[in-house]
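Lettering follows sequence order; numbering is per chain, from 1. Side-chain atoms are counted along with the backbone in the values below, which use heavy atoms only and exclude waters and symmetry mates.
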2 protein chains.
Amino acid sequence: MPGKHDERQKLGSPRAAKRRTTIDDVAKLAGVSRQTVSRAINDKGEIDPATKERVLQATRTLGYRPSRFAQGMRRQDSVTLGLIISDLSNPYFAEVAVAVLEVAEERGWHVIVCDSRNDEGKEREALDVLSRQADAIIGHCAGSDDVLARHAPGMPLVLLERGPDQTRFGSVGIDAAAGMAQAFAHLTGAGHHRIGMLDGAPDDRPSARREHFLAQVGMYDLPVGADWVVSCDRHSVGAGERGMDALLDAHPDVTAVVGFNDLIAVGAIRTARRRGLRVPDDVAVLGFDGLSLGELVEPPLTTLSIDKRELGRLAVEQVAAQLSGDEKPPAEGDAGVRPELVLRASA
Amino acid sequence: MPGKHDERQKLGSPRAAKRRTTIDDVAKLAGVSRQTVSRAINDKGEIDPATKERVLQATRTLGYRPSRFAQGMRRQDSVTLGLIISDLSNPYFAEVAVAVLEVAEERGWHVIVCDSRNDEGKEREALDVLSRQADAIIGHCAGSDDVLARHAPGMPLVLLERGPDQTRFGSVGIDAAAGMAQAFAHLTGAGHHRIGMLDGAPDDRPSARREHFLAQVGMYDLPVGADWVVSCDRHSVGAGERGMDALLDAHPDVTAVVGFNDLIAVGAIRTARRRGLRVPDDVAVLGFDGLSLGELVEPPLTTLSIDKRELGRLAVEQVAAQLSGDEKPPAEGDAGVRPELVLRASA
DNA sequence: TCATGATTCGTGAACGTTCACGTGAACGAT
DNA sequence: ATCGTTCACGTGAACGTTCACGAATCATGA
């Protein structure tokens, strides 16, 4: 083993701060120049095989790893995407994350993931961090355009589940209109008129799903008002259970319920059964997500399935467009991902 | 709006490559020096408030964002963690990811997430990428120590769910021995003797849970052989269903089944009920994970719950130790995270 | 008038890598 | 002997930022 030159102790510091081993250290040990080391580790040509091996050996004994910062500074490639997920423990968002990860990986992009835990404060922090550490951001963001602009100034930004009309940034929406239309066609076709909804957004916040739910209610002229929409405070089974309790208390004659998402719908089923109601005979329950979890509960959940892979793909493509093209293409008429009704037993 | 100095076109290239706007551009526009710009954007002192505002205004009009590479090069802080998850759409791993994300965030670390999709090839790719882009790696890795050393040379590495005896790298294990002991105490206490297992690893691979299952079988002297362990090819409900079919075909007199994880156990329940068996009366089913999903199925799943947050915390702490301390502290006698038996209805 | 200090700002020099060049040696052809 | 070519390798310069230092300005006091 070659002797280590221990010339790192310049100042009389008791324990000299461990300096990073650089390409020059390797060069010195191998008896060559920086450039030759670079050639060796990057598989460039113009190098003698023997020298290459000697250099690589030197990198090993020194435990050398090139600085990603210095490397990133020269080569301008290397794209890092920031992903803000509102709750990774929700299987739906996990699926979205998987989709984004997969599509980004195809392009050789790295993805830094942040979980905002449904907290707008955390979301802002995530935006702050990612606007420094990433080249673009994709996310389920609750903040207003102003907030986003303030905390991620000048960043390419693609919002998930927002229509192009709801933000001036890039966006990939869910076609809630088409989804609700399918839901109501199915439910009214089965004879339902008194249909309620368990929403996932607070009452004072806009909610595309609630909006289109009410639009369908109007379209079918159902005997149902805005108070048939109960807002759940979280996107969880527990919140769905509580919401369903509230809905049944207010409108015991409801015969069908549309959940904001599958988790809430599962909660609705549980509450219904706990209160002695049969699903779907006494009350039908319809979810919105398409989680595989829906197949496991009793009864299996009928749901508007969202193609998360498609969602992720579209989002990454938009980012790519914003990154390359100078101008943001204003969402080419696409209303977003179209849900598909998956019929199971619950409705 | 101040006029843009368009001096970027040096060579007569038709459309001059869009150069990055640097701190010098901002300095020029604001009529100050680099250093003053740096002071303004980093909230350092020694700057006139008026100048600061002028500089910040300039950054806005130019859409300037500091290069994370140049920044990372100077300030030596900024730690990026690589996280390799074998299947993010499995709620268990999603929870682990959430835990790591959360603990890493507390330290101000960024996390690049890779999903290896249970593919060792993908896992190696992830290692390759992360060894360049991260400062340390945490992961559920299937590869051998040799493979890991080859694809992440010199990297601080912490393996999840491996005992310190199973790898020379850092590791945070699950105390499968303690878990299985609890499981068998419960099952034998309920009178079970013919206990089977649905394993999650291939037969030819070591599996800590299988090992300790068999150890318990021996300890209680049960009339059960190694062929009472059926290996499932995936960690999914479907695989559990198939595995349970195989187990019931081979040993119709089995009265209790331990699943490798909750998903497989849920599959076991479904197969059992499909075949007309009552759970837990005819066959008891016990999971291993502690997913919240377990509360939703029929009957609710009894399971050995793993504290994923603890797992993530320990892993990050080990990384921190490896990053600061020169030597890897050889897993201070800790056997890892100890599962806790959560009694529900299925066993 | 000069020293003193505080405030505000600018000037090289680094951080570690890669790119565009340049150089010397070896070799063959003329 | 001269030239051109190829091969293997080395030398500044650049990437964009921050740090350590120094300098200019102004006010204050003796």
Take atom [atom1] of [X] and atom [atom2] of [N], then tell me their distance rounded to the nearest Å.
X	N	atom1	atom2	result
B/I23	D/dT18	CD1	C1'	8 Å
A/R132	D/dT18	CZ	C1'	14 Å
B/D77	D/dT17	CG	P	16 Å
B/Q71	D/dT17	CD	P	7 Å
B/N42	D/dG16	CG	P	17 Å

I'd like a table of donor-acceptor pairs (distance under 3.5 Å, sequence neighbours excluded) in which one partner is a side-chain atom from residues 80-87 of chain A, with atom names and distances.
residue	atom	partner	partner atom	Å
A/T80	OG1	B/R68	NH2	3.2
A/D87	OD1	A/S89	N	3.1
A/D87	OD1	A/S89	OG	2.7

>> Less than 4.0 angstrom from a charged side-chain N to a carboxylate O is my criterion; do B/K52 and B/D43 meet it?
In response: yes
What does the list of N/O pairs under 3.5 Å between the protein and nucleotides 12-15 of chain D look like, with a distance for each?
residue	atom	partner	partner atom	Å
D/dG12	N7	A/R34	NH2	3.1
D/dG12	O6	A/R34	NH2	2.9
D/dA14	N3	A/R74	NH1	2.4

>> Rounding to 10°, can you tell me the angle the first-five-pair axis of the helix from C/dT1-D/dA30 to C/dT30-D/dA1 makes with its last-five-pair axis?
In response: 60°
>> OP1 or OP2 of C/dT18 versus the side-chain N and O atoms of A/S38: is any pair under 4.0 Å?
In response: yes
[X] side chain near [Y] side chain, heavy-atom distance below 4.5 Å:
X	Y	answer
B/R107	B/V319	no
A/V96	A/H140	yes
A/F69	B/S78	yes
B/V113	A/V111	no

> Do A/Q57 and A/R54 meet the criterion of a side-chain donor-acceptor pair at a distance under 3.5 Å?
Replying inline: no
> How would you list all residue pairs meeting ring-ring contact (aromatic ring centres under 6.0 Å, His included) that involve residues 26-63 of chain B, not counting sequence neighbours?
Replying inline: none
>> Of the options D/dT17, C/dC19, C/dT17, whose atoms approach the side-chain atoms of A/K44 most closely?
In response: C/dC19
> Tell me the salt bridge (charged side-chain N to carboxylate O under 4.0 Å, His left out) pairs involving residues 308-323 of chain B, sequence neighbours left out?
Replying inline: B/E102-B/R309, B/E310-B/R313, B/R313-B/E317
> Just by modelled atom types, is the B/D24 backbone N or O under 3.5 Å from a matching donor or acceptor in the B/T22 side chain?
Replying inline: yes
>> If you apply the rule salt bridge (Lys or Arg N to Asp or Glu O under 4.0 Å), what do you find for B/R20 with B/D25, and how did you get there?
In response: CA-CA 9 Å; B/R20 186 190 177 95; B/D25 301 329; over 6 Å; no
> When you check every protein heavy atom under 4.0 Å of nucleotides 4-9 of chain C, what one-letter string (B, S, -) results, 5' to 3'?
Replying inline: ----BB
